[in-house]
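Scroll down for the structure; my scribbles are underneath it.
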Number of protein chains: 2
Amino acid sequence: MPEKSQPPLRGGRARQADVARIAGVSQTTVSLVLGGNRQGVVIQEATQARVREAAKALGYVPDPAARRLATSQNNLLGVFSFTATFPTAMEHSYYPFLVGIEQEAAEQGYDLVLFTGSSAGGAGARRQALDRVRLADGCLILGRHLPATQLHQLIEDGFPVVHIGRSAEPDVPWVGADYVAATAEVVRHLAELGHRTILLVREDDEALPSSDRELGFRTGLAAAGLRRQPKAVFRTATPESDITADWVRAKIASGITAIVAEETDSGAVWRALVKALDEAGLRAPHDVSIALLGSPPADLAGDRIPTGFDIPRADLGAAAVRMLAAQLSGIDRPQPLVHCEFRLGMTTGVPAKADNTPAH
Amino acid sequence: MPEKSQPPLRGGRARQADVARIAGVSQTTVSLVLGGNRQGVVIQEATQARVREAAKALGYVPDPAARRLATSQNNLLGVFSFTATFPTAMEHSYYPFLVGIEQEAAEQGYDLVLFTGSSAGGAGARRQALDRVRLADGCLILGRHLPATQLHQLIEDGFPVVHIGRSAEPDVPWVGADYVAATAEVVRHLAELGHRTILLVREDDEALPSSDRELGFRTGLAAAGLRRQPKAVFRTATPESDITADWVRAKIASGITAIVAEETDSGAVWRALVKALDEAGLRAPHDVSIALLGSPPADLAGDRIPTGFDIPRADLGAAAVRMLAAQLSGIDRPQPLVHCEFRLGMTTGVPAKADNTPAH
DNA sequence: TTGTAGGCGTTATCAA
DNA sequence: TTGATAACGCCTACAA
């Protein structure tokens, strides 16, 4: 047997070279036949058959690592978050985003690399480094607090990155929910019901989600032709103590017929509002209309559905993947804003009494 | 500038060669300094510092594919599931497993690769292929229906794999919940309360989770010194129609004082049992004790907590990672069985009336 | 202490 | 139509 001295299999795996030897052709031919043959090279049917047969006999399977090395395409999308991606407390997890991310990634032919221990530290401090993400073709970033320096280094190097959630950092590509339009729509809804004096309750910080809602609020008021009201926005850092039964009564007495509350991470504002109404013996929408600029916290899910809007987290994840894929293939970036679905709940209705604005 | 003509960065990613050029050393030295240097080669501190600095400046990260091709190690653990890992219906998801997987992977210094599109298909049928997991150092497999052929191919080739959930396939390493011991413990609990005639309700198939529970049931009976009862196990394929108010009444009349129900994917058995009791106007544990061999379905969570046991899914995920890590480092496999926590609920108590077994 | 050279399995470019 | 041959990025004897 004057065959080459190589053993037929090495480490239990057949290589293209093995197939080639069995089929009596060159390794290149095997690659051509078995790989896509994108070069459009013409190969005899008989040869192809021989190659295929040999491959099958040997149980040949291409080595993805080698393939990826040769094509310099990992088909890997990174997912990086600074907090644990799957915390024990499920409500705070990125699960809803991942639903969309996974679907769209599959659609586009990418696998996902989940970088672990971003918060915990795990095995050594160096794992903290954002640099690890470079092993993927591009990376999605979840969460608010990013190390701006590292991130910009990444971006400067031309590494494709998309932040989920509108980013305040310049030059960081992002996808985000369109809070402005969604909030404006809620205001419009209230205005159409006849409300003329509407109050926005928001947290007392400068986060984008908050200021976007305020912008949408003002936009909505203007679009509805409502005149600028001096104290249309109420800021609170401590909802529990600020938003009381007395507070609500006073607001209603002052002519306010509708209150829209920001959705916060903890849901504290909305929770406090609901509680305050309850303690005041008031009911929505009978005594006052209330709306929530976001989704209700899980533990209040059983309550009456609040009017407001839903943040399409899965859509956001999918949009982020699309944006990243676009960067990777050099296509123009798609729309970064994702539409929020208006939610007609049971907490808004016509104003309790004729509004007290001057007749026009 | 008599530097080599290569651009400092290619395609946005730095290679060892780039680092070497910047640091003014050879590529080997870079590999030595940055890689573990398992060869024990001694390198000047100053040189090492230069290399590290250059690497940092360039944001160098080793290419996983290349690394794997050369060594078969890249600190990546694969997660493969036959259904989508993040389905829209969160209740049926692998979330609880992922909590443990992520934590333990971080602990052990691994990142995770989530192989997507296993079910959806996505970009072509080949994505279906389990072979992609070879990019990682090893792989966790979730879900029941495995492509046995591909899986065994993988295992034969020495690729480390761990199935989450006890596997019926031979030679497939797995971690699983110890249903046998847990079920036996529930039976013991009932026996200690004084129950002598206990009924097991299970689904009518031959799945391991079911048969393990039955085995534990019989073990528990034997350990409690209860004599073998002819019709101690009731099988049903259609719980809704089989488990009715009349059925329950008949069982109680026949002397049964306790019923243990298998946890099924849909929770159908338990649901039917609870409903039947309700319709019969019976209450647990007053009229009959009932126990659930697993966790209650989410929509019944508000009900009275059933006695039974909890499946430690996060622990399972962590155990799977440990087992995989053990395989990777050549250590002996750790215990594959994870203990289920006994859950003392409100549905079991002393038998309704003096039991009717003959005096001993 | 550092560098040279060869190989891992695939793809891609040329010649033949 | 096929077959050498050179990357791809990294690791590791072995040589200097």
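Hydrogens, waters and symmetry mates are skipped; everything else that's a heavy atom, side chains included, is used. Chain naming here is simple, since letters A, B, ... match the order of the sequence lines and numbering starts at 1 in each.
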Assess whether atom CD of E53(A) is packed by more than 12 heavy atoms of other residues, nucleotides or ligands within 6.0 Å.
no
By nearest-nucleotide position on DNA chain C, the 5'-leaning member of T47(B) and A65(A) is T47(B)
N74(A) atom CG is separated from dT10(C) atom P, nearest whole Å, by 16 Å
L135(B) atom CG is separated from dG9(C) atom P, nearest whole Å, by 15 Å
D63(B) CG to dC8(C) P, in whole Å, measures 18 Å
Between CZ of R68(B) and P of dT10(C) the distance, given in whole Å, is 13 Å
R15(B) atom CZ is separated from dC10(D) atom P, nearest whole Å, by 8 Å
Quick one: side chains of residues 135-143 of chain A, donor-acceptor pairs under 3.5 Å with protein atoms, not counting sequence neighbours, listed by atom name and distance.
residue	atom	partner	partner atom	Å
D137(A)	OD1	N74(A)	N	3.2
D137(A)	OD2	N74(A)	N	3.3
D137(A)	OD2	N75(A)	N	2.7
D137(A)	OD2	L76(A)	N	3.3

Worksheet item: Under the 3.5 angstrom rule, does the side chain of R333(A) hit a backbone N or O of M323(A) as a donor-acceptor pair?
Response: no
Whether each nucleotide of nucleotides 11-16 of chain C has a protein heavy atom under 4.0 Å at its base (B), only at its sugar-phosphate (S) or at neither (-) is summarised, 5' to 3', as BBB---
- [ ] Determine the contact category for L69(B): base if any of its heavy atoms lies under 4.0 Å from a base atom, sugar-phosphate if only primed atoms, P, OP1 or OP2 are that close, otherwise nothing.
- [x] base
Do R134(B) and D157(B) have side chains that approach each other closer than 4.5 Å (heavy atoms only, starting at C-beta)? yes
From CD of Q73(A) across to C1' of dT10(C) the rounded distance in Å is 15 Å
In whole angstroms, the gap separating P of dG9(C) from CG of D157(B) amounts to 12 Å
- Query: Which part of the nucleic acid, if any, lies within reach of V61(A) when heavy atoms closer than 4.0 Å are counted: base, sugar-phosphate only, or nothing?
  - Reply: sugar-phosphate
Review point. Under 3.5 Å, side chain of Q335(B) to main-chain N/O of L337(B), donor-acceptor pair present?
Key: yes
Does the H163(A) side chain pair with the main chain of G176(A), one donor and one acceptor, at a distance under 3.5 Å? no
In whole angstroms, the gap separating C1' of dG9(D) from CG of L58(B) amounts to 15 Å
The side-chain contact (heavy atoms from CB on, under 4.5 Å) partners of L114(B) (sequence neighbours excluded) come to L112(A), L114(A), V79(B), F86(B)
